[in-house]
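Reviewing the structure listed below.
Quick note on labels: first sequence line is chain A, next is B, and so on, each numbered from 1.
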Amino acid sequence: MKSATIRTFQTVHTWTGLIAGFALFVAFYAGALTVFHDDIAAWQNPPWRSAQDAHVPISSLIDHLIAQHPETRDDFGIVLPSDDAHAAYAYWQDKDNARFATASEMTAPSDVAGRGDLADFVYALHDSLGLPVVGLYVMGIVSVLYGLALVSGLLIHLPQLAKDLFAMRVGHNMKRLWQDAHDAIGVLSLPFHFIFAATGSILCLFTLTLAALNVIAFDGKLFGSFAQAIATAPTVAASGTPAVMLTPEQLIERASAAALATGVTSFEPDYLHYTHYGDRNAVVEVRGLSQHTLGTYGTVALSGDDGRVLATHVGAKLSINGISNSSLYALHFGSYGGRTVRWLYFALGLAGAFLFYSGNLLWIESRRKRRHVDQPRSTRIMARATIGVCVGTCLGISGAFAATLAATHLGLDAAISQQFACYGLFLAACAYACVRPIPRAAVELLTATAVLMIAVAITDLFGNAAAWSRAWAPGTTSALGVDLTGIALGIVFACLARAALRRARHGDAHSVWALPAPH
Amino acid sequence: MIARCLAGTLLGFPLAAVLLSLLLHALPQGGDAYVIPALILFFPLWIAFMTGAYAFRSGTRAWLTLGSANAVAFFALWLTRQAAGL
C-alpha cells in the first residue's frame with residue numbers, strides 16, 4: 001500500500017474513533033455486564049426476594065390479559081422468566097406502541113420491557129444509551145463507524161502486523177506502550193469485533209435498513225420475503241369455533257420433547273407466541289435456547305387446541321435463513337456456549353472498552369508537547385472528556401446497582417431510582433472532570449467508582465448474610481457471583497486509581513496527566 | 001477526503017443493496033432461502049465500499065467510479081427484472 005493511502009486510513013481511523021469511541025465505550029462496558037443479564041436479574045431478585053407477580057401461573061397471566069385486553073387474543077406474546085423468583089410478562093402491540101405487563105400491571109401496561117429491572121436497564125444503556133428510539137439509531141450509526149474504524153485500523157497495521165503483534169515495548173516511551181497495547185488487543189480480538197460491528201449495526205438499524213433496501217433494490221418485495229424467511233409457524237386464519245386451550249405447561253412440555261427429538265442437547269423455553277387464542281385454529285410458538293449450537297434460538301409451533309406439532313425450527317432442522325437469524329443473536333449475545341463463553345465475552349467486552357479508552361489516550365499522547373508543562377487546549381479537552389465520559393459511565397452504572405439495592409430495601413420506585421442515580425452520577429462525573437485539575441479528577445473519579453462498587457457488593461453480602469447459609473439454589477450462586485465480581489472489579493478500579501496517582505506524581509511532568517510539581 | 005467519504009457513504013449504500021439483490025436473483029426461487037444471510041452481508045459490504053472509496057486518488061475519481069458501478073448494477077437489475085417478467 002502507498003504511504004499516502006496509509007495516511008488517509010490513519011485519518012479515517014482517528015476520526016471515526018473520535019466520533020464513535022465514547023458511545024462504544026458505554027456499549028462495551030454495559031454490554032460486558034449484559035452478558036450476565038440473568039445473573040444480574042437474580043442479584044436484584046434472589047430466590048428469597050421474589051419479584052412482584054413471580055408466583056402467578058402463566059395461564060392466569062393469560063386470563064388477566066384476555067379479560068382486560070380482549071383485542072389481543074389474535075396476537076400476543078408471553079416472555080417467560082429466567083427463574084422462579086421472576087415474573088412472566090405479556091407483550092402485545094397496541095395501535096403503534098409495544099406494551100408490556102405482568103399480571104398485576106394489566107390495567108396500566110408499560111411501554112418498556114422489564115421496567116425497574118436492573119438487568120434490563122443496563123441492557124438499555126448498552127443498546128441505546130437508555131434513550132428511547134433515537135438512542136437505538138444513534139448506536140446503529142456508531143456501529144457502522146465502528147466497522148469503518150476497525151477496517152481502517154487493521155489496514156494501517158497490516159504492513160507491520162506480524163512483526164509487532166506480540167511486541168510490548170515497556171519503557172520510557174509511553175506512546176509506544178499504549179500503542180502496542182491498543183494494537184495487540186485490537187488485533188487479537190478482531191474476529192470478536194467484526195462480529196459486533198456487523199451484528200450491532202443490523203440489530204440497531206434493522207427496520208430502517210429493511211425499508212430502504214425494499215424501495216431501492218427489491219421492488220417492494222423484501223418485506224414479504226423477509227416475513228416468509230423468519231416465519232416459524234404456518235399462517236392460519238381463525239375458524240370462529242371456540243376451543244379450550246392446552247395449558248402453557250403442557251404446550252412447553254410437548255415443544256421441549258419435539259425440540260430434543262431433533263438432536264439438540266438442551267431446550268430452555270423463554271418466549272411463547274400465541275395467535276388466535278381460544279380458537280380451534282390457535283397456534284402457539286414456543287421459542288427456546290439450545291446450547292452448544294449456533295442455532296441457539298429454536299422454535300416449535302403447536303396447535304393450541306390439541307398440541308399437535310405444526311412445525312419444528314430447532315437445531316439441525318433450521319433453514320439457512322433460520323440458522324443465520326439465530327446465530328446473529330447467538331454470536332452477539334454469547335449465548336451459545338454456556339458459562340465459559342459468557343466469561344470470554346465478559347473479558348473481551350471489557351477489553352473492548354479498554355480499546356476505545358486507550359485510543360483516546362493515544363490521541364492525547366501523540367499531540368503531547370514534550371518540552372512544555374502547559375499542554376495544547378485540544379488535548380486538555382480530550383483528557384477531560386475521556387475521564388468524564390468513560391469513568392463517569394462506570395460510576396453511573398455502579399450507581400444504578402446502588403440505587404437498585406436502596407430501592408429494594410427502602411421501597412422506592414426502582415426504575416426512577418436507577419435512572420436518577422445512573423444519569424445523575426454520569427453528569428456529575430462529567431462536570432467534575434471539567435472543573436478539577438485533570439490528574440486529580442482521574443484519580444478521584446476512579447477511586448469513587450472503586451469505593452461505590454465495593455460498598456454495594458459488601459452491603460449486599462451482609463444484607464443477605466442469612467441467605468448464604470440457607471438451602472442453595474441456582475439464583476443464590478448468581479447473586480453471590482455478582483457480589484464477588486463487583487468486589488473484583490472494584491479492586492481493579494482501585495489499582496487503576498493508584499496507577500493514575502503514581503503517574504501523576506512521578507511520571508513525565510510534560511503531560512496533561514502530571515500533577516504540577518510542589519513549590 | 002470529504003468527497004471520498006461522501007462517495008463511499010452515499011453511493012456505497014445503493015451499490016451494496018443492488019449487488020445483494022442481483023445475487024439473490026441469481027439464486028433459485030429468487031434467493032428466498034438466503035434472504036437473512038444477504039441482509040447480514042449488507043453492512044459489511046457497505047463498510048467495504050466506504051473503506052474502498054478512500055483508496056481512490058481523488059474525490060472525483062471515487063464519485064465517477066462508484067457512480068458508474070451503480071449505473072451498471074441498476075441496469076443489470078432492470079434487465080434481470082425484464083427477463084423475469086417475460
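- Panel note: side chain A/Asn321, backbone B/Ala33; a donor-acceptor pair is recorded below 3.5 Å.
- For A/Tyr329, the OH atom counts as loosely surrounded, since its 6.0 Å shell holds 12 or fewer non-hydrogen atoms of other residues, nucleotides or ligands.
- With a 4.5 angstrom heavy-atom cutoff, B/Met50 touches chain A via backbone and side-chain atoms both.
- Residue B/Arg57 places its CZ atom among 12 or fewer non-hydrogen atoms of other residues, nucleotides or ligands, all under 6.0 Å distant.
- Applying side-chain contact (heavy atoms from CB on, under 4.5 Å) to A/Thr312 and the options A/Val300, A/Thr232, A/Leu318 leaves one that passes, A/Val300.
- Dense packing is recorded around CZ of B/Phe42, with more than 12 heavy atoms of other residues, nucleotides or ligands lying under 6.0 Å away.
- Of the atoms belonging to B/Pro37, heavy atoms from both backbone and side chain fall under 4.5 Å from chain A.
- Interface summary for chain B: among A/Val151, A/Leu328, A/Leu148, the most heavy-atom pairs under 4.5 angstrom belong to A/Leu148.
- In this structure, the portion of B/Leu24 lying under 4.5 Å from any heavy atom of chain A is its side chain and not its backbone.
- Between chain A and the options B/Val18, B/Ile40, B/Leu41, B/Leu19, the largest number of non-hydrogen pairs under 4.5 Å is found for B/Ile40.
- With a 4.5 angstrom heavy-atom cutoff, A/Thr209 touches chain B only via side-chain atoms.
- With a 4.5 angstrom heavy-atom cutoff, A/Leu222 touches chain B only via side-chain atoms.
- Of the two parts of A/Leu150, neither the backbone nor the side chain holds a non-hydrogen atom closer than 4.5 Å to a non-hydrogen atom of chain B.
- Only the side chain of A/Thr5 comes within contact range of chain B, with heavy atoms under 4.5 Å apart.
- Between chain B and the residues A/Ile216, A/Asp219, A/Ile230, the largest count of heavy-atom pairs under 4.5 Å involves A/Asp219.
- With hydrogens and angles ignored, the 3.5 Å screen pairs no side-chain donor or acceptor of A/Tyr297 with any backbone N or O of A/Asn325.
- In this structure, no portion of A/Ile323 lies under 4.5 Å from any heavy atom of chain B.
- Remark: aromatic rings of A/Phe226 and A/Phe206 are close, center separation under 6.0 Å.
- Neither the backbone nor the side chain of A/Phe194 comes within less than 4.5 Å of any heavy atom of chain B.
- Contact annotation for B/Phe56: neither backbone nor side-chain heavy atoms come within less than 4.5 Å of a heavy atom of chain A.
- The minimum heavy-atom distance between A/Ala211 and A/Phe223, with the atom names listed, is CA-CZ, 3.8 Å.
- Ring centroids of A/Phe356 and A/His182 are separated by 6.0 Å or more, keeping the two rings apart.
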